[in-house]
Amino acid sequence: MKAYLLLEERRDIAEDRFIELVVWQVPQPVRASTHLFKYRLALVVNGLCVLRYDNEAEKGDHRHVGAVESPYTFTTPEQLYADFMADVANWRS
């Protein structure tokens, strides 16, 4: 099985900010993850990434809020999107 791109989208949410969503279904879990998805969801403001969820190899599922990195418990792509968008809304307020 090959990797399949499920979502690749950039959405402007204000003049100075956008969100970028990229989700792949992969044939085997990324190292340190237990599911078949590779993802990167980011909020960029004035050219700086201020919020990011990802699961890069070796680190597993985690999120960055500013300079702080913390673990993230992945369940489904839908929940990942909901959690990210809730953090985007919280960041904006």
Side-chain angles (χ1 to χ4, degrees):
M1 175 181 157
K2 299 183 340 182
Y4 291 99
L5 182 63
L6 301 176
L7 176 66
E8 183 175 35
E9 182 177 336
R10 177 182 162 153
R11 230 184 277 165
D12 292 329
I13 57 174
E15 187 174 306
D16 64 341
R17 63 195 71 178
F18 64 89
I19 57 174
E20 184 175 62
L21 313 164
V22 180
V23 180
W24 290 83
Q25 184 171 3
V26 293
Q28 47 191 320
V30 174
R31 285 188 311 269
S33 291
T34 59
H35 52 81
L36 298 178
F37 299 96
K38 171 78 176 133
Y39 59 87
R40 180 183 73 255
L41 292 78
L43 169 62
V44 178
V45 178
N46 291 321
L48 297 172
C49 183
V50 297
L51 172 66
R52 185 174 76 245
Y53 282 55
D54 64 6
N55 65 332
E56 61 192 88
E58 303 299 329
K59 287 189 172 186
D61 303 290
H62 61 284
R63 69 182 187 158
H64 305 258
V65 179
V68 177
E69 184 177 315
S70 60
Y72 173 73
T73 302
F74 179 94
T75 55
T76 67
E78 295 80 12
Q79 189 61 53
L80 170 70
Y81 178 80
D83 292 342
F84 174 74
M85 292 308 291
D87 276 352
V88 168
N90 288 335
W91 189 90
R92 292 173 73 182
S93 62

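Treat the numbers as computed from the prediction; the structure is a model and nothing was measured.
In this structure, the side chains of L36 and P29 come closer than 4.5 Å at one or more pairs of heavy atoms.
Using modelled atom types and a 3.5 Å distance limit, the side chains of D54 and Y72 yield no donor-acceptor pair. In summary, the side chains of H62 and N55 do not present any donor paired with an acceptor at a separation below 3.5 Å, with no hydrogens or angles considered.
Closest approach of G60 and S33 over heavy atoms only: CA-OG, 3.8 Å. When all heavy atoms are compared, the tightest approach of K38 to E56 is NZ-CA, 3.4 Å. L6 and F37 get closest at one heavy-atom pair: CD1-CE2, 3.7 Å.
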Under the side-chain contact (heavy atoms from CB on, under 4.5 Å) criterion, do D16 and V45 qualify, and how do the steps go?
CA-CA 6 Å; D16 64 341; V45 178; 4.1 Å; yes

List the steps and the verdict of salt bridge (charged side-chain N to carboxylate O under 4.0 Å, His left out) for E58 and R31.
CA-CA 5 Å; E58 303 299 329; R31 285 188 311 269; 2.4 Å; yes

For a side-chain contact (heavy atoms from CB on, under 4.5 Å) check, start with the C-alpha distance between L41 and V88, then their side-chain angles and the critical distance, and finish with the verdict.
CA-CA 10 Å; L41 292 78; V88 168; over 6 Å; no

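Residue W91 is grouped with residue L80 when hydrophobic side chains (ILVMFWY) are merged at heavy-atom distances under 4.5 angstrom, including chains of intermediate members. Under the 4.5 Å side-chain heavy-atom criterion for Ile, Leu, Val, Met, Phe, Trp and Tyr, V23 and V30 are members of distinct hydrophobic clusters. Under the 4.5 Å side-chain heavy-atom criterion for grouping Ile, Leu, Val, Met, Phe, Trp and Tyr, V44 is not connected to V65 through any hydrophobic cluster. The hydrophobic cluster containing L7 does not contain V26, counting ILVMFWY residues as joined when their side-chain heavy atoms lie under 4.5 angstrom apart, directly or transitively.
For the salt bridge (charged side-chain N to carboxylate O under 4.0 Å, His left out) test, residues two or more places apart in sequence or in another chain that qualify with D87 are R63.
Between atom CD1 of residue I19 and atom CG of residue L51 there is a gap of 10.0 Å, rounded to the nearest 0.5 Å. Separating the CD atom in E20 from the CZ atom in R52 is a distance of 10.5 Å, to the nearest 0.5 Å. Considering CE of M85 and CG of L21, their distance stands at 7.0 Å, rounded to 0.5 Å.
Applying the ring-ring contact (aromatic ring centres under 6.0 Å, His included) test to every pair with at least one member in residues 2-35, sequence neighbours left out, gives these pairs: H35-F74.
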